[in-house]
Amino acid sequence: MEQMMRDVTLKAETLIEALPYIRDFNGKKVVVKYGGSAMLDEKRQESLIKDVALLKLVGMQPIIVHGGGKEISKWLGYMGKESQFVEGLRVTDAETMEVAEMVLNKVNKHLVQMMEKLGVKAAGISGKDGGTMLCERKTVNGQDIGFVGEVKSVNSDLIDTLIEKDFIPIIAPIGMDEKYQAYNINADDAASAVAKCIHAEKLAFMTDIDGVCMDPDDPKTLISVLSLDEAKDLIENGTIGGGMIPKIRNCVEAVEQGVSRVHILDGRREHCLLLEFFTRKGIGTAIIDNHINLYPHEKE
């Protein structure tokens, strides 16, 4: 009986800790970039969808931008086509583009289905719909890598309309250029572009790592909050390297262009969004403009 009461009290204390965050984020837009290994496991998908549904039900305005790279590679493999990458970007010829769009639309509608199952309205779109993402061809160090898009601009009219009608927009990272050619967009880039356009309160990247660590091999060195200057210093001194560099630069650019806070989380952790957003310490890394921009209840 005593143990049961302790468990119940702990749950109540967790809800009380979340109260100021729920108050401060009410009505605020939040962009969640969903991808990586967490997309391959049905239980983890359900956990993430439940988190986003709860954000909606407590008054926030969430938007999901999803990837699907591992699923695309799987379907290309079924066709006997080997995936090629240049600096982390998929080389996308016409056939690969066709497969990418097919797979991303399949993933998109599956996420919508999971959200609707929870009783929360969701609408799946791509950057093509309503001219949401205007692209141009992206090159890497002057190398043409096919139909890979660089987002030139985002038109938020359709996103805003869906939110006003009480839907959660779920966006596949496919856009078009001015000649209506389709392009595959890196999901991190797409999420960042959307967040900057709508001046989101938060942009959360679901990844396969805990966050930014002083020692990448030691999760105990996780940095909970990083200012822009600190993030830039960690890149310059080599603490942040490899594939994390473009992700952190994306985060820095998003904050510099109006996103209040960017989070890097391990999407494989159950209910990672709730733990990061609604607890004082969180479980990932938050990047903010500077330390005076803490939320009011974080200064108490």
Side-chain angles (χ1 to χ4, degrees), residues 15 18-35 38-39 42 44-68 104-134 151 153-175 185 187 190-206 254 258-263 265 267 270-278 295:
L15 290 172
L19 183 59
Y21 296 90
I22 294 172
R23 177 197 64 210
D24 291 350
F25 302 152
N26 188 269
K28 300 293 178 63
K29 293 183 176 69
V30 178
V31 176
V32 177
K33 183 270 172 171
Y34 181 39
M39 294 195 75
E42 191 75 12
R44 288 171 182 161
Q45 282 190 16
E46 289 176 1
S47 173
L48 185 279
I49 292 299
K50 285 178 180 177
D51 280 10
V52 175
L54 185 57
L55 297 183
K56 172 68 174 173
L57 293 172
V58 299
M60 298 173 77
Q61 296 177 343
I63 298 140
I64 297 175
V65 179
H66 66 84
L104 288 169
N105 280 323
K106 175 179 178 290
V107 170
N108 184 276
K109 299 312 176 187
H110 179 59
L111 296 177
V112 169
Q113 180 180 343
M114 294 176 75
M115 190 68 74
E116 292 276 351
K117 189 176 179 181
L118 295 174
V120 177
K121 294 195 298 183
I125 65 172
S126 78
K128 280 182 166 184
D129 296 302
T132 298
M133 290 187 201
L134 179 64
V151 181
S153 63
V154 173
N155 178 346
S156 67
D157 288 351
L158 180 54
I159 296 171
D160 294 337
T161 299
L162 290 172
I163 291 172
E164 287 167 9
K165 296 296 184 181
D166 209 32
F167 287 85
I168 294 178
I170 301 180
I171 306 172
I174 300 288
I185 306 166
S192 184
V194 169
K196 287 183 286 190
C197 173
I198 65 174
H199 299 291
E201 180 68 23
K202 290 177 176 291
L203 166 60
F205 288 104
M206 304 289 103
V259 178
S260 295
R261 188 172 293 205
V262 181
H263 301 261
L265 306 173
E270 198 167 359
H271 302 306
C272 59
L273 270 179
L274 302 185
L275 292 168
E276 177 69 6
F277 285 7
F278 295 143
Y295 294 121

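Hydrogens, waters and symmetry mates play no part in the numbers below; they use all other heavy atoms, side chains included.
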### Summary
Taking every heavy atom of Glu201 against every heavy atom of Ser260, the minimum-distance pair comes out as O-CB, 3.2 Å
### Query
With side chains defined as the heavy atoms from C-beta onward, is the minimum distance between Asn26 and Tyr21 less than 4.5 Å?
no
### Message
Just verifying a value: how many Å separate Arg44 CZ and Tyr34 OH, rounded to the nearest 0.5 Å?
### Response
9.0 Å
### Query
Shortest non-hydrogen contact from Leu265 to Cys272?
CD1-O, 4.1 Å
### Query
So do Glu270 and Glu46 actually touch side chain to side chain, heavy atoms under 4.5 Å?
no
### Message
Checking Lys29 now: which residues fulfil salt bridge (Lys or Arg N to Asp or Glu O under 4.0 Å) with it, not counting sequence neighbours?
### Response
none
Distance-only donor-acceptor pairs under 3.5 Å for side chains of residues 118-131, two or more places apart:
from	atom 1	to	atom 2	distance (Å)
Lys121	NZ	Lys165	O	3.1
Ser126	OG	Lys128	N	3.1
Lys128	NZ	Glu101	OE1	3.4
Lys128	NZ	Glu101	OE2	2.8
Asp129	OD2	Ser126	N	2.8

### Task
Heavy atoms only: give me the nearest Ser156-Ile198 pair and the separation to one decimal.
CB-CG2, 3.9 Å
### Message
Can you confirm whether Met133 sits close enough to Val194 that some side-chain heavy atom of one is under 4.5 Å from a side-chain heavy atom of the other?
### Response
yes
#### Entry: Within-4.5 Å side-chain heavy-atom neighbours: Leu203 and Val30
no
### Query
Any idea which heavy atoms bring Pro173 and Ala190 closest together, and the distance?
CB-CB, 3.9 Å
### Task
Decide side-chain contact (heavy atoms from CB on, under 4.5 Å) for Phe205 and Val31; before the verdict, give the C-alpha distance in whole Å, the side-chain angles of both, and the deciding distance to 0.1 Å.
CA-CA 9 Å; Phe205 288 104; Val31 176; over 6 Å; no
### Summary
Applied to residues 50-66, the salt bridge (Lys or Arg N to Asp or Glu O under 4.0 Å) test, sequence neighbours excluded, yields Lys56-Asp166
### Message
Ring-plane angle category for His263 and Phe277, please: parallel below 30°, perpendicular beyond 60°, tilted otherwise.
### Response
tilted
### Distance (rounded to the nearest 0.5 Å) between Ile49 CD1 and Met114 CE
5.5 Å
#### Entry: From CA spacing to verdict: side-chain contact (heavy atoms from CB on, under 4.5 Å), Val65, Ile170
CA-CA 6 Å; Val65 179; Ile170 301 180; over 6 Å; no
### Message
Taking the side chain as everything from C-beta on, heavy atoms only, tell me whether Thr132 gets closer than 4.5 Å to Ile159.
### Response
yes
### Task
May I ask you to test the Val151-Leu134 pair for a side-chain heavy-atom distance under 4.5 Å?
no
### Message
So which atom in Gly67 and which in Val107 form the shortest heavy-atom distance, rounded to 0.1 Å?
### Response
O-CG1, 4.0 Å
### Message
Under the criterion side-chain contact (heavy atoms from CB on, under 4.5 Å), I'd like the reasoning laid out for Gln113 against Glu116: C-alpha separation, chi angles, the key distance, then a yes or no.
### Response
CA-CA 5 Å; Gln113 180 180 343; Glu116 292 276 351; 5.9 Å; no
#### Entry: Between CD on residue Gln61 and CG on residue Leu55, distance to nearest 0.5 Å
11.5 Å
### Summary
Scanning both residues in full, the closest heavy-atom pair of His66 with Leu104 reads CE1-O, 3.4 Å
### Query
Within the side chain of Ser47, is there an N or O that forms a donor-acceptor pair under 3.5 Å with the backbone of His271?
yes
### Task
Please say which of Ile168, Val32, Ile163 ends up in a side chain to side chain contact (heavy atoms under 4.5 Å, CB included) with Ile63.
Ile163
### Query
Taking C-beta and beyond as the side chain, do Lys202 and Lys28 meet within less than 4.5 Å on heavy atoms?
no
### Task
Would you check if Met206 and Leu273 make a side-chain contact, meaning some heavy-atom pair closer than 4.5 Å?
yes
